[in-house]
2 protein chains.
Amino acid sequence: MPKNCNFIEKLREVGLRPTKQRIKMCEVLYNREKTFHFTINDLVQMISEKMSEKISLATVYNTVHAFEKKGYLKEISIDSHKSYFDTNTSAHHHFFDEDTHELIDCDESDIDKINIRKNITGKKINSVEVLVRVASDNQIQK
Amino acid sequence: MPKNCNFIEKLREVGLRPTKQRIKMCEVLYNREKTFHFTINDLVQMISEKMSEKISLATVYNTVHAFEKKGYLKEISIDSHKSYFDTNTSAHHHFFDEDTHELIDCDESDIDKINIRKNITGKKINSVEVLVRVASDNQIQK
DNA sequence: TCAATAGTTTAGAATTATTATAATGTAGAT
DNA sequence: ATCTACATTATAATAATTCTAAACTATTGA
């Protein structure tokens, strides 16, 4: 299954040079059944495991940000200390489990469509994101 | 108008010692008509202007976090680089103006009540927050 | 009133996350 | 094959936040 060809094409399409590192990164990010959430640290870990050579932290940062700017990744900010990237770039909402620190996609049926009645004059809405924080019933909240 | 007495009481109620610094901080944060949004930097700036003595950065961090934990402040995280605190601790939503980087409270009438149809099993919902990102119509998006 | 003490502030050091730098390496065009 | 522009790398620099340990202060209660 020469999936790499897809990634090379994909990278070319958005004007990124298909280098070894970027292709490996695409594999880790997009060569899977389901979309997923990760932190930069998670990603460095994952790539290291899949690649014999070491990848530079700077490269991971640069490439993640390049992907984000091109719309291949979306950032989900939980608080000033916890920020995830999401390979699911379509408009959708999230649950955040405060016990496990897990970010979970909402299905479309989980949350009724958000109806914005008034907007800031002269502005257009770029995105509407809902974050639902959940925790164990019998737990002291953060 | 000895408003400070209120702050001393208020601090006592939640188990914080009413020190000079905390009282000054309360004045800056709560002695105003409307609630507002600020970053740590904003706050240090504001306190410095209002106080002859210098306040330590560590104290500002510590006290903001103490207030947050006690529910006197709420954190609103925009992305990994931008995080605000809100003196309005009631449940409400926000617009974020990507042109001006301004955070704006939604009125209750601006957004219809959010209806969560399904939740994570065994968990209870702690909060539901909506962030509506807006920008000038004729502007390149971030 | 005046210590004792428990919590607080402070400056500066340490840590962490992220970005910049400059040398080396590599993809793609000619 | 060579050239050029862009990438990668290790490391340094920066920025944001937290830690530390000494000095300070509000409260308690003798």
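The sequence lines fix the lettering, A, B, ..., with proteins before strands; numbering per chain opens at 1. Note that the coordinates shown come from a computational prediction; the quantities given were computed from them, not determined experimentally.
In this structure, CG of N41(B) is placed 11 Å from P of dA15(D), rounded to the nearest angstrom. Note: CD (E53(B)) to P (dA23(D)) measures 20 Å, nearest angstrom. Atom NE2 in H81(A) sits roughly 7 Å away from atom P in dT17(D) (whole-Å rounding). For the pair R22(A) CZ and dG28(C) P, the interatomic distance rounds to 11 Å; values are reported in whole Å. The NZ-C1' distance, from K20(B) to dC24(D), rounds to 9 Å in whole Å. Going from atom NZ of K69(B) over to atom C1' of dT18(D) covers 14 Å, rounded to whole Å. Atoms CD1 (I78(A)) and C1' (dA17(C)) sit 18 Å apart, rounded to a whole Å. Atom-to-atom, CG of L16(B) to P of dG7(C) comes out at 12 Å; the value is rounded to the nearest Å.
With a 6.0 Å cutoff to the six-membered ring centre and a 45° limit on the axis angle, R32(B) counts as a cation-pi contact of F36(B). Cation-pi check for K10(A) over Y72(A) is met; the charged atom lies under 6.0 angstrom from the ring centroid and within 45 degrees of its normal.
The two atoms that bring I47(B) and M25(B) nearest to each other are CD1-CG, 4.0 Å, heavy atoms only. The heavy-atom pair separating P18(B) from I23(B) by the smallest distance is O-CD1, 3.9 Å.
Using a cutoff of 4.0 Å between basic side-chain nitrogens and carboxylate oxygens, D99(B) and K123(A) are scored as salt-bridged. Taking a cutoff of 4.0 Å between a charged side-chain nitrogen and a carboxylate oxygen, K24(A) and E27(A) qualify as a salt bridge.
Within a heavy-atom distance below 4.0 Å of DNA chain D, the residues of residues 55-63 of chain A found are I55(A), S56(A), A58(A), T59(A).
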Please list, for nucleotides 27-30 of chain D, all pairs of protein and nucleotide N/O atoms separated by less than 3.5 Å.
from    : atom 1 : to     : atom 2 : distance (Å)
dT27(D) : OP1    : R12(B) : NE     : 3.1
dT27(D) : OP1    : R12(B) : NH2    : 2.4
dT27(D) : OP2    : R12(B) : NH2    : 3.2

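Side-chain contact check for N88(B) and H37(B): no donor-acceptor pair (N or O, by modelled atom type) lies under 3.5 Å.
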